[in-house]
Asker: 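The structure under discussion is supplied below as structure tokens; questions concerning it will follow.
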Amino acid sequence: MNWISYLLAIGAGAINPIQTGANAQLNKSLATPVWTALSIYLSGFCAMLLIQAFVRETLPSARLAAVPWWAWTGGVVSVGSTIAGLAFAQKMGSGSFTGLSITASLITSIVLDHFGAVGFKVHPVSVLRLLGGGLMITGLWLVAKF
């Protein structure tokens, strides 16, 4: 991977709490999580249509049958994290909510990598990876506490 990939990943991570805050404020203004989430996904869908107008990718219909069933669940699963952000982000604060989300993601990622689940390359758990997860938990505690 080149350094641009790392910069884009950092940018995506930096935008995450901004997105969560914007979504939570929309929910506060609308006072209805289901319609807020629908608005969020509708605006995302519109953005993807606009991007498609410029990129003009064709649908790889010949490859659709080879997609594992669980690969289609990403959008459904993302609804859960969106609703959680709507319900808890402003109450918990950005640091605590984002810290919990990222720490939970990292710990889950260590498990998924270890077993090679959901299409990830096997990357066995090690003492140093567990130490990294423990440091994330410690960092989260510090952010939430102080």
Asker: Determine the sole option in Thr32, Leu30, Val34, Ile40 for which the side-chain contact (heavy atoms from CB on, under 4.5 Å) test with Leu86 is passed.
Answerer: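 In the set Thr32, Leu30, Val34, Ile40, the residue that makes a side-chain contact (heavy atoms from CB on, under 4.5 Å) with Leu86 is Ile40.
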
Asker: Within a strict 4.5 Å, meaning less than it, do heavy atoms of the Ile102 and Met136 side chains meet?
Answerer: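 With C-beta onward as the side chain, the pair touches.
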
Asker: Apply side chain to side chain contact (heavy atoms under 4.5 Å, CB included) to Tyr41 and list each qualifying residue two or more places apart in sequence or on a separate chain.
Answerer: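 Tyr41 satisfies side chain to side chain contact (heavy atoms under 4.5 Å, CB included) with Ser78, Val79, Thr82 only.
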
Asker: Distance-only check: which donor-acceptor pairs under 3.5 Å involve side-chain atoms of residues 65-73, not counting sequence neighbours?
Answerer:
{"unit_1": "Thr73", "atom_1": "OG1", "unit_2": "Trp70", "atom_2": "O", "d": "2.6"}

Asker: Is there a side-chain contact between Thr98 and Asn16, using heavy atoms and a 4.5 Å cut-off?
Answerer: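 They are not in contact (no side-chain heavy atoms under 4.5 Å apart), so the answer is no.
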
Asker: Does Ile10 have any side chain to side chain contact (heavy atoms under 4.5 Å, CB included) partners at least two apart in sequence or in another chain, and if so, which?
Answerer: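 So Ile10 forms no side chain to side chain contact (heavy atoms under 4.5 Å, CB included) with any residue.
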
Asker: In the single-linkage hydrophobic clustering (I, L, V, M, F, W, Y; side-chain heavy atoms under 4.5 Å), do Phe45 and Ile51 co-cluster?
Answerer: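 In one cluster with Phe45: Ile51, no.
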
Asker: Show the nearest heavy-atom pair for residues Met92 and Leu100, with the distance to one decimal.
Answerer: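 Heavy atoms only, the tightest pair is CE-CD1, 3.0 Å.
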
Asker: Is it the case that Asn23 and Thr20 place a side-chain donor and acceptor less than 3.5 Å from each other?
Answerer: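 No donor-acceptor contact under 3.5 Å links the two side chains.
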
Asker: For Arg129 and Ile110, work out which heavy atoms get closest and say how close.
Answerer: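 Minimum heavy-atom contact is O-CD1, 3.5 Å.
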
Asker: Give me the atom names and distance for the closest heavy-atom approach of Pro33 to Ile83.
Answerer: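 Shortest heavy-atom contact: O-CD1, 4.0 Å.
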
Asker: Has His123 got a side-chain atom pairing as donor or acceptor with Asp113's backbone, closer than 3.5 angstrom?
Answerer: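 Pair absent, no side-chain N/O of His123 close to backbone of Asp113.
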
Asker: Looking at Leu26 and Ser39, what are the two nearest heavy atoms and their distance?
Answerer: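 Distance-wise, the nearest heavy atoms are CD2-CB, 4.3 Å.
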
Asker: Does Glu57 use its side chain to pair, donor to acceptor, with the backbone of Gln52 at less than 3.5 Å?
Answerer: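 No, the answer is negative, given that no donor and acceptor are paired below the 3.5 Å cut-off.
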
Asker: Shortest non-hydrogen contact from Pro17 to Ser94?
Answerer: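 Where Pro17 meets Ser94 most closely, the heavy atoms are CB-OG, 3.5 Å.
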
